[in-house]
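Hydrogens, waters and symmetry mates are skipped; everything else that's a heavy atom, side chains included, is used.
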Amino acid sequence: MLKLFLFLMLFQSGGLILPGPDFAIVFRFSIIKGAKAGIWCAFGVATGVLINVFITYLIGHSLYTFHRLLYTLFIAAGTMFLYYISINLMRNFFNFKQQTTQPQINSNSTHLSNYPFFTGLAVNLSNMKAIIFFSSLLPITGKLNLNYLLLTWISMAFIAWLWFSFVAIMVN
């Protein structure tokens, strides 16, 4: 069990290092509002990880256990979505034209982006990459007993908070 747990933590760490929406929002808050806001945003992302893992496990484990075909279709659709995003990113990268003016960032607006925790939470909960990532771990986590499963979920959220807090601090 311990080897499996350590493998999952290593896998989670590798997934976190890849840039994505969570990285971008923590980076943005750290640049605009400082390390403290970035760390609060990282805490929101970590809370989103915990919620995402729980929901994905409940729904995905049911699908994996009772409807393998539907689970496979879900993973295939998610994978295709990630390919679609990747292709669009590459296409936009190669078609990118330099802007002559810098975009103006208004940090005094009164919408959700003034609340780093809730913004980090919302970004992570809407992050399709995270949902597919956690779904890919379902066959492995099904082998864990309840204590290791809970430890895994909490550890994944904690590692996410540590990583994104590190990003927030290093940006400043």
Side-chain angles (χ1 to χ4, degrees), residues 1-30 35-86 112 115-171:
M1 290 281 175
L2 182 61
K3 287 182 182 179
L4 185 57
F5 171 76
L6 292 174
F7 168 76
L8 289 169
M9 293 307 100
L10 184 63
F11 196 68
Q12 165 73 350
S13 299
L16 288 172
I17 291 171
L18 296 172
D22 298 336
F23 182 90
I25 198 68
V26 171
F27 189 83
R28 178 183 180 274
F29 268 102
S30 299
K36 185 177 178 183
I39 291 170
W40 272 106
C41 187
F43 186 59
V45 168
T47 304
V49 166
L50 192 59
I51 294 169
N52 249 336
V53 168
F54 180 70
I55 291 171
T56 303
Y57 182 80
L58 287 179
I59 295 170
H61 189 59
S62 296
L63 285 176
Y64 183 75
T65 304
F66 301 113
H67 305 287
R68 283 279 165 105
L69 179 62
L70 195 55
Y71 174 77
T72 304
L73 291 173
F74 174 73
I75 295 296
T79 303
M80 297 307 292
F81 179 72
L82 289 177
Y83 280 125
Y84 171 76
I85 290 171
S86 300
L112 189 60
Y115 304 98
F117 173 81
F118 293 112
T119 305
L121 178 65
V123 166
N124 186 271
L125 289 177
S126 64
N127 184 356
M128 184 57 107
K129 183 180 108 177
I131 294 168
I132 294 166
F133 177 79
F134 296 130
S135 296
S136 70
L137 297 177
L138 283 173
I140 298 170
T141 57
K143 298 174 183 172
L144 296 172
N145 65 33
L146 184 60
N147 292 334
Y148 270 103
L149 188 61
L150 293 174
L151 179 64
T152 300
W153 292 348
I154 292 167
S155 297
M156 285 180 152
F158 183 69
I159 289 171
W161 179 75
L162 282 178
W163 169 251
F164 290 119
S165 293
F166 173 75
V167 168
I169 291 168
M170 294 308 292
V171 166

Apply side-chain contact (heavy atoms from CB on, under 4.5 Å) to residues I169 and F166 and explain how you reach the verdict. CA-CA 5 Å; I169 291 168; F166 173 75; 5.9 Å; no

Which distance, rounded to the nearest 0.5 Å, do you find between the CG of L70 and the CZ of R68? 12.5 Å

Only counting residues at least two apart or in another chain, list the ones meeting side chain to side chain donor-acceptor pair (under 3.5 Å) with W161. S165

Partner residues of N52 under the side chain to side chain donor-acceptor pair (under 3.5 Å) criterion, sequence neighbours left out: N124

Say you draw a straight line from CG of L151 to CG of L146; how long is it, rounded to the nearest 0.5 Å? 11.0 Å

Tell me if a side-chain donor or acceptor on T56 pairs with a main-chain N or O of V53 at a distance below 3.5 Å. no

Between F23 and L18, is a side-chain contact (heavy atoms from CB on, under 4.5 Å) present by the stated rule, with each step listed? CA-CA 8 Å; F23 182 90; L18 296 172; over 6 Å; no

Might you point out which heavy atoms bring P116 and A37 nearest each other, and give the distance in Å? CB-O, 3.3 Å

Only counting residues at least two apart or in another chain, list the ones meeting side-chain contact (heavy atoms from CB on, under 4.5 Å) with I51. T47, I55, L121, L125

Of the non-hydrogen atoms in L16 and A160, which two are nearest, and what is the gap between them? CD1-CA, 3.4 Å

Could you grab the distance from atom CZ of F158 to atom CH2 of W163, nearest 0.5 Å is fine? 15.0 Å

Show me the side-chain donor-acceptor pairs of residues 39-46 shorter than 3.5 Å, one per line, residues at least two apart or across chains.
none

How far apart are the closest heavy atoms of G120 and I25, and which atoms are they? CA-CG2, 4.5 Å

Which residues pass the side-chain contact (heavy atoms from CB on, under 4.5 Å) test with N145, sequence neighbours left out? M1, N147, Y148

Which pairs of donor and acceptor atoms, one on a side chain in residues 2-12, lie under 3.5 Å apart (sequence neighbours left out)?
from: Q12; atom 1: NE2; to: M156; atom 2: O; distance (Å): 3.1

